[in-house]
Asker: 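Okay, handing you the structure first.
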Amino acid sequence: MPELPEVETIRRDLAAELSGRAIETVRVHQPDIVLPPPGPAAFVDRVSGRRIGSFDRRAKYLLLRLLGDELVQVQLRMTGRFALGTSLPDPEEFTHLAAEFDLDDGRTLFYDDTRRLGGFRLLSSADWASIEAKLGPEPLEEGFTAAVLAAALADRRAPVKNVLLDQRRVAGLGNIYAAEALFASRLDPRRAAGSLSAEEVERLHDAIRATLLDALEHAGTTFSDYRAVNGSSGRFQDRLKVYGREGSPCLRCAEPIVRIVQAGRSTCFCPSCQH
DNA sequence: CTTGTACCCTGACCGC
DNA sequence: TGCGGTCAGGGTACAA
């Protein structure tokens, strides 16, 4: 589900609310959303009573840092979502409540996940550090230059779209924003990643940043499931230029947008003006 | 090492 | 109205 802009929107909504709070009790309704080790029962036991240091994001992960040497890594995957309040804000929307975290201010952090592909993992700082080390650069941070992107794409024969989705190469991009960035930079998603010229890499680099920043400004994209913490939809879906527009005229050249399958996921692009 | 495929799960939608 | 097939913002395990 959510890609960098959506996950970052959630982080911004929750960070100030959660930091400094203590988690008094935890209820896990769907055990399979807790990834072992340590397993659901131990997870409840070890997270209950802990105080939250900060609430961060890396790639598409949310990180609930606990005081002491541990953190809860949250993956929303496709349908995971949060709400914060004294009661379930919208029972009609939260039909697959998977976990609840009661806070020391009387409010509860609710986690709902229709498909249960997302989940929680309690990690030591050392375990997280080894996971973190394998993730690619954050595209919105200073260090993400065109040269860094060029290095991530170099010598790769896989299609550039697939490489952009590989979190070890660039962190945070998913199916929507990879397609949008390739459209904005007029690059054919089927091109071998390593075949891009320096000028093309620069175009792609600028497009990735501009697309993500624009999406962040519009609180992300709500295609079907994603909601911000207060339940509101993103607004970027109205600004999508290729994703989900199969058969519609290209906004640049009016030729029909086509959909192909790459690495098992659909890619929308304009064969007439993306080269 | 790189690359592709299957799979986890539910629900919405489409054609018959 | 029902049924089967397909698809969905992701990531991981495993095979080649």
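Letters A, B, ... mirror the listed sequences (proteins, then strands); counts begin at 1. Keep in mind it's a predicted model, so treat the numbers as computed, not measured.
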Asker: Specify whether A/Phe101 and A/Phe120 have parallel, tilted or perpendicular ring planes, treating 30° as the upper limit for parallel and 60° as the lower limit for perpendicular.
Answerer: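 Answer is tilted, since the angle falls between 30° and 60°.
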
Asker: So what does A/Thr222 touch, heavy atoms closer than 4.0 Å: a base, only the sugar-phosphate, or nothing?
Answerer: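 Base, at least one base atom sits under 4.0 Å.
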
Asker: Tell me whether A/Arg27 at atom CZ has more than 12 heavy atoms from other residues, nucleotides or ligands lying less than 6.0 Å away.
Answerer: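 Result for CZ/A/Arg27: enclosed.
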
Asker: Pair A/Glu180, A/Thr211 - check side-chain hydrogen bond (donor to acceptor under 3.5 Å, both in side chains), show working.
Answerer: CA-CA 7 Å; A/Glu180 291 294 314; A/Thr211 304; over 6 Å; no

Asker: So among A/Leu165, A/Asp166, A/Leu173, which one has a side chain to side chain contact (heavy atoms under 4.5 Å, CB included) with A/Arg169?
Answerer: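 Of all the options given, the one that passes is A/Asp166.
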
Asker: side-chain contact (heavy atoms from CB on, under 4.5 Å), that's the test. Do A/Thr221 and A/Tyr226 meet it? Break it down for me.
Answerer: CA-CA 7 Å; A/Thr221 301; A/Tyr226 165 72; over 6 Å; no

Asker: Residues of residues 109-119 of chain A with any non-hydrogen atom less than 4.0 angstrom from an atom of DNA chain B: list those, numerically ordered, please.
Answerer: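 Correct list: A/Thr114, A/Arg115, A/Arg116, A/Leu117.
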
Asker: Set out, line by line, the N/O atom pairs under 3.5 Å between protein and nucleotides 14-16 of chain C.
Answerer:
none

Asker: Using a 3.5 Å limit for the pairing distances, which stems of at least 3 consecutive Watson-Crick or G-U wobble pairs does DNA chain B take part in?
Answerer: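 The stems are B:2-8 with C:10-16, B:10-16 with C:2-8.
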
Asker: Looking only at side-chain N and O atoms, does A/Lys60 come under 4.0 Å of OP1 or OP2 in C/dG11?
Answerer: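 Checking A/Lys60 against C/dG11: at least one side-chain N or O falls below 4.0 Å of OP1 or OP2.
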
Asker: Can you list the steps and then say if A/Asp225 with A/Thr79 is a side-chain hydrogen bond (donor to acceptor under 3.5 Å, both in side chains)?
Answerer: CA-CA 6 Å; A/Asp225 301 291; A/Thr79 52; 6.0 Å; no

Asker: Distance-only, no hydrogens or angles: does the A/Arg50 side chain make a donor-acceptor pair with backbone N or O of A/Arg46 under 3.5 Å?
Answerer: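 Side chain of A/Arg50 to backbone of A/Arg46: a pair is present.
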
Asker: Can you tell me how far P of C/dT12 sits from CE of A/Met78, to the nearest Å?
Answerer: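 Going from CE in A/Met78 over to P in C/dT12 covers 14 Å.
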
Asker: For A/Leu4 and A/Lys60, work out which heavy atoms get closest and say how close.
Answerer: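 Result for this residue pair: N-CG, 4.3 Å.
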
Asker: In terms of hydrophobic clusters joined by side-chain contacts under 4.5 Å, are A/Leu212 and A/Leu187 together?
Answerer: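 Same cluster: A/Leu212 reaches A/Leu187 through Ile, Leu, Val, Met, Phe, Trp or Tyr contacts under 4.5 Å.
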
Asker: A/Phe269 versus A/Val258: any side-chain heavy-atom pair under 4.5 Å?
Answerer: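 Yes, side chains in contact.
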
Asker: Can you measure A/Lys134 atom NZ to C/dG11 atom P for me and round it to whole angstrom units?
Answerer: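 These atoms are roughly 15 Å apart.
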
Asker: Starting at CG of A/Leu18, measure out to CD1 of A/Ile52 and round the result to the nearest 0.5 Å.
Answerer: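 Going from the CG atom of A/Leu18 to the CD1 atom of A/Ile52 covers 5.0 Å.
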
Asker: Please confirm whether the backbone N or O of A/Asn162 pairs with a side-chain atom of A/Arg156, one donor and one acceptor, at under 3.5 Å?
Answerer: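 No; judged by distance alone, with no hydrogens or angles, the pair does not exist.
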
Asker: Which residues, if any, of residues 171-192 of chain A bring a heavy atom under 4.0 Å of DNA chain B?
Answerer: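 Residues of residues 171-192 of chain A that come under 4.0 Å of DNA chain B do not exist, since none gets that close.
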
Asker: In whole Å, what is the span from the CZ atom of A/Arg77 to the P atom of C/dT12?
Answerer: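 In whole Å, C/dT12 P lies 6 Å from A/Arg77 CZ.
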
Asker: Heavy-atom contacts under 4.0 Å between residues 231-246 of chain A and DNA chain B, which residues?
Answerer: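 Going residue by residue through residues 231-246 of chain A, none turns out to have a heavy atom under 4.0 Å of DNA chain B.
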
Asker: Of all nucleotides in DNA chain B with an atom under 4.0 Å from a non-hydrogen atom of chain A, which is the first and which the last going 5' to 3'?
Answerer: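 Span of nucleotides near chain A: B/dT2 to B/dG11.
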
Asker: When the ring planes of A/His218 and A/Phe236 are compared, do they come out parallel, tilted or perpendicular, using 30° and 60° as the limits?
Answerer: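 Tilted, since the angle between the ring planes falls between 30° and 60°.
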
Asker: Hey, could you give me the CG/CG distance between A/Leu109 and A/Asp102, rounded to the nearest 0.5 Å?
Answerer: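 Interatomic distance, A/Leu109 CG to A/Asp102 CG, rounded to 0.5 Å: 10.0 Å.
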
Asker: If two hydrophobic side chains count as joined below 4.5 Å and joins carry through other members, does A/Leu63 share a cluster with A/Leu14?
Answerer: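 Different clusters.
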
Asker: Whole angstroms only, please: what is the CG-P distance between A/Leu164 and C/dG9?
Answerer: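 Result: 15 Å.
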
Asker: Whole angstroms only, please: what is the CG-P distance between A/Leu4 and C/dG11?
Answerer: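 Spelled out: CG on A/Leu4 to P on C/dG11 is 11 Å.
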
Asker: Separation of A/Arg168 atom CZ from C/dA13 atom P, in whole Å?
Answerer: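 Checked: the CZ to P distance equals 11 Å.
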
Asker: Any idea if C/dG9 is syn or anti, going by the 90°-from-0 cut?
Answerer: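 Syn, angle within 90° of zero.
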
Asker: Do the side chains of A/Phe110 and A/Ile23 join up, straight or via other hydrophobic residues, at under 4.5 Å, putting them in one cluster?
Answerer: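 Each belongs to a different hydrophobic cluster.
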
Asker: Evaluate A/Phe183 against A/Cys250 for side-chain contact (heavy atoms from CB on, under 4.5 Å), listing each step before the verdict.
Answerer: CA-CA 10 Å; A/Phe183 177 83; A/Cys250 171; 3.7 Å; yes

